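Since the structure comes first, as structure tokens, the remarks are kept for the end.
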Amino acid sequence: MSVPALPPVAAFARLLPAADPAGTAALAARSLAGGLLPVGVMLATGALVDGVIRDLTGPAHGGTGGPGGPGGLPGLPGLLGAAGGALLALGALLLALQVAVPLLDAGVERLAHRVDVLLRDRLLTAVLTPPTIAHLEDPGLADELAMAGTVGTEKVQTPRALAALAGVAAARLLAVGAAVTLAVFAWWAPLPLIAAWTLSNVSYRQGVERLITSMEAATPGFRRARYLGEMALDGAAAKEVRLFGLGPWLAERLAAHWRAGTEQAWRRNPAQQALFAVSAAALAAAHVGVCALVALAAARGDIGLGEVTVYLQAVMGMAGFGWDPDAHYLVRLGVAPVPHTLRVAEAARGRRFALPGADRPPPGLRHGLELRAVTFGYPGADRPVLRGLDLRVPAGRSLAVVGENGCGKTTLLKLLCRFYDPGEGAVLADGTDLRDLDPAAWQRGIGAVFQDFGRYALPLRDNVAFGSPAHRADEAALARAAERAGLRDVLDGLPGGWDAVLSREFEGGVEPSGGQWQRIALARALLAVHGGARLLLLDEPTSGLDVRAEAAFYDRFLELTRGLTTVVVSHRFATVRRADHIVVLAGGRVSEQGSHAELVAAGGRYAEMFEAQAAPFREAGRA
Ligand SMILES: Nc1ncnc2c1ncn2[C@@H]1O[C@H](COP(=O)(O)OP(=O)(O)OP(=O)(O)O)[C@@H](O)[C@H]1O
């Protein structure tokens, strides 16, 4: 089922009651008050003018002749005079406008924030829902996500849009009241004004729609521009930007992307300009015509001054049928992201929320893992990375995967995590296809250190405890994970200990070195194991470690992985050779497998790679 393609304003309006029923009622009341009270003000002004004239001209002219008119007890209007009654009514209406509207505005503002939260929540749920991550690498989704938060270069502000919407709704209501009032003068009098305002609406609406559509079409370019802008600010890129003199290139590319994105949006549109001119002429003619008729009727004595006042105000009030450039633009801009959010949410609907809850026990792994005839290619790629791969990973044993750059080692680990599903074949855990398991529970049962592991600008405690949030306060478990990951020295040197924030971007924060970060990631994976994970995945776990730390790691490799089903990807044979079983990946399949000794003896690709790494050390030893 697809999202019914409601116009953006309608789609937005439909969300309001779900976000905050009371706030929606406040919005409706605010619109009613803002629309109807001014109609009352308009009528009361007419009555006031009439009243003043009657009071001044006395009973002979049909007036009350002032307070306590002739004969009998005066009523309140009598006491005050006709003008006094109208003045009272006018005062009451103006007071109501002054008090009710700001009061209701508070409710509207709360509604705006709740809608914001609702939209964000839907987006977040939609993005986190799939257990796999392929969707996050889809440029189409990245564009939708960008448009769900911004229109072109403008960040969307729901509160401003909603306040503008209340204003537009009130203006429309006032316009209806004004049209009805003017129809009392002549039933057809509102018609030319409605027609002219509608024409002007069309011309403005076309312009804004064109602007928003072209801004949306330019989103991929704006995303690139934003990326370049972030590059200029990003600490990691800052070094190379300076070293390689990339500044002018960055500035030029950034400007080019902005230009390309905005050019289309602001291009002149002669058809729209012509429509705009015609609507302006129609508006002028309609106003002059209707006002002239009102004046003529007054000159003939058909209507009094009070009526003239009311009808002229009604003519002005009918502007609410037209286009308020500021308010309408704000509304349209504010609701523009809604269809994108709904589309992203719709695409994810029906799949259960997949974030593994920390309280959910990870499943055991008793027999092991198997990849059966797995063929897998990344979405959009023209060639598969893995082609009919068969591989067994016995439970409780360690498996090392080696192979040339780009042969698919990391991809294999990602399939084991079910970040992607294979195109053909299956990944099985204890004989069950991963697709038939609860993805959240499965992922919860894995401790992993990827090459691009997370470096969180948070306290060290959180950086490690993310592996098993249930053990966040378990000092002994944290200390053991730190110890086993070789983090003890790092910890001793940190001024804040476990509470030191790992980023110089925050006051008092520290910046760990590359190798220290790697040990932190390892500690996190080991804490996950402590929390019950039964599968440990290590992707180049020692690439950032110094010689001593690396030696300590592989000395402890057997201890770290004992009893655990472990898959380690590494180019370092010092680590690889300690695994129970080793496979060489080539051409998307396992090309060789066995123990280190068996593979060296076989004299194949593994032996070649091992020799290439060992030879320089042997020669250095001889020298
Ligand atoms: N997210 C992705 N989307 C598209 N292609 C990808 C993605 N990740 C990796 N690839 C491609 O898949 C192939 C295998 O990548 P993978 O990272 O699995 O190789 P690897 O054996 O781990 O390499 P290395 O030894 O360099 O770490 C490469 O050609 C790579 O370009």
Side-chain angles (χ1 to χ4, degrees), residues 127-128 130-143 145 220 223-224 227 369 371 373-391 393 398-425 427 434 439 443 446 448-455 514-515 517-518 521-522 525 535-545 550 553-554 566-577 579 581-593 599 604-606 608-610 612-613:
V127 172
L128 291 173
T132 55
I133 60 170
H135 62 294
L136 297 176
E137 295 166 353
D138 172 8
L141 177 80
D143 285 339
L145 289 177
R223 276 208 298 126
R224 263 179 228 119
Y227 171 74
L369 293 157
L371 284 95
V374 165
T375 295
F376 172 77
Y378 285 95
D382 47 1
R383 281 188 311 144
V385 180
L386 305 177
R387 287 168 229 167
L389 176 79
D390 288 307
L391 176 65
V393 188
S398 56
L399 173 85
V401 184
V402 296
E404 286 166 6
N405 289 134
C407 71
K409 303 181 292 297
T410 302
T411 304
L412 170 63
L413 298 191
K414 291 197 270 189
L415 287 175
L416 291 178
C417 293
R418 218 202 139 190
F419 289 154
Y420 301 89
D421 287 326
E424 287 168 35
V427 183
L434 289 193
Q443 287 168 348
I446 300 171
V449 180
F450 280 99
Q451 287 180 42
D452 56 353
F453 56 79
R455 296 162 188 236
W517 269 121
Q518 201 163 30
L522 184 61
L535 176 60
L536 182 63
L537 304 178
L538 304 170
D539 196 353
E540 295 291 357
T542 58
S543 59
L545 301 191
E550 187 183 14
F553 175 83
Y554 50 71
T566 308
V567 183
V568 58
V569 167
S570 183
H571 293 287
R572 313 254 183 148
F573 285 85
T575 306
V576 170
R577 63 188 301 171
H581 194 70
I582 301 164
V583 295
V584 181
L585 281 194
R589 294 161 178 259
V590 172
S591 63
E592 294 168 38
Q593 57 183 311
L599 288 169
R605 186 78 191 107
Y606 180 89
E608 237 175 73
M609 289 190 287
F610 175 66
Q613 209 169 89

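Order of listing sets the numbers, starting from 1, for every ligand and every atom in it. Keep in mind that what you see is a predicted model, and the values were worked out from it rather than measured.
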* To do: Before accepting this row, confirm whether a basic side-chain N of the pair E404/R605 lies closer than 4.0 Å to the acidic partner's carboxylate O.
  =>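 Judged by the 4.0 Å cut-off on N to carboxylate O distance, E404 and R605 do form a salt bridge.
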Numbered atoms and elements of ligand 1 in range of [X], under 4.0 angstrom, heavy atoms:
X: T411; result: 14 (C), 15 (O), 16 (P), 18 (O)
X: G408; result: 14 (C), 18 (O), 19 (O), 20 (P), 21 (O)
X: H571; result: 25 (O)
X: K414; result: 8 (N)

* Minimum-distance protein heavy atom relative to atom 27 (O) of ligand 1 ->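 So the nearest neighbour among protein heavy atoms is Q451 NE2, 3.1 Å.
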* At what distance is the nearest protein heavy atom to atom 25 (O) of ligand 1, and which residue and atom is it? -> K409 NZ, 2.7 Å
* Would you please classify the geometry between the Y420 ring and the F376 ring as parallel, tilted or perpendicular, with 30° and 60° separating the classes? => tilted
Consider ligand 1: state whether an atom of it lies below 4.0 angstrom from any non-hydrogen atom of [X].
X: A381; value: no
X: Y420; value: yes
X: G403; value: no
X: E540; value: no

* **Closest to atom 22 (O) of ligand 1 among V401, T410, L136 (heavy-atom distance)** => T410
* Pick from Y378, F419, F450: the one approaching atom 2 (C) of ligand 1 most closely through a non-hydrogen atom ->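 Looking at heavy atoms only, the winner is Y378.
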* For V567, which of V401, L391, V583 qualifies under side chain to side chain contact (heavy atoms under 4.5 Å, CB included)? ->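 The single option meeting the side chain to side chain contact (heavy atoms under 4.5 Å, CB included) with V567 is V401.
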* Structure fact -> side chain to side chain contact (heavy atoms under 4.5 Å, CB included) with L412: of L389, V427, V374, only one passes, and it is L389
* **Side-chain (E592) to main-chain (Y606) donor-acceptor, under 3.5 angstrom** =>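 Here the side-chain-to-backbone pair exists.
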* If only atom types and distance count, is the side chain of Q613 paired as donor or acceptor with the main-chain N or O of A574 below 3.5 Å? ->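 Checked: no pair found.
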* For side-chain contact (heavy atoms from CB on, under 4.5 Å), just list the numbers for V590 and L585, CA-CA rounded to whole Å, side-chain angles, deciding distance to a tenth of an Å, and then say yes or no. => CA-CA 5 Å; V590 172; L585 281 194; 4.1 Å; yes
* Asked: Are T411 and Y378 close enough that a side-chain donor and a side-chain acceptor fall under 3.5 Å?
  -> yes
* Asked: Got an N/O contact under 3.5 Å between V385 and ligand 1?
  ->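 By distance alone, the answer is no.
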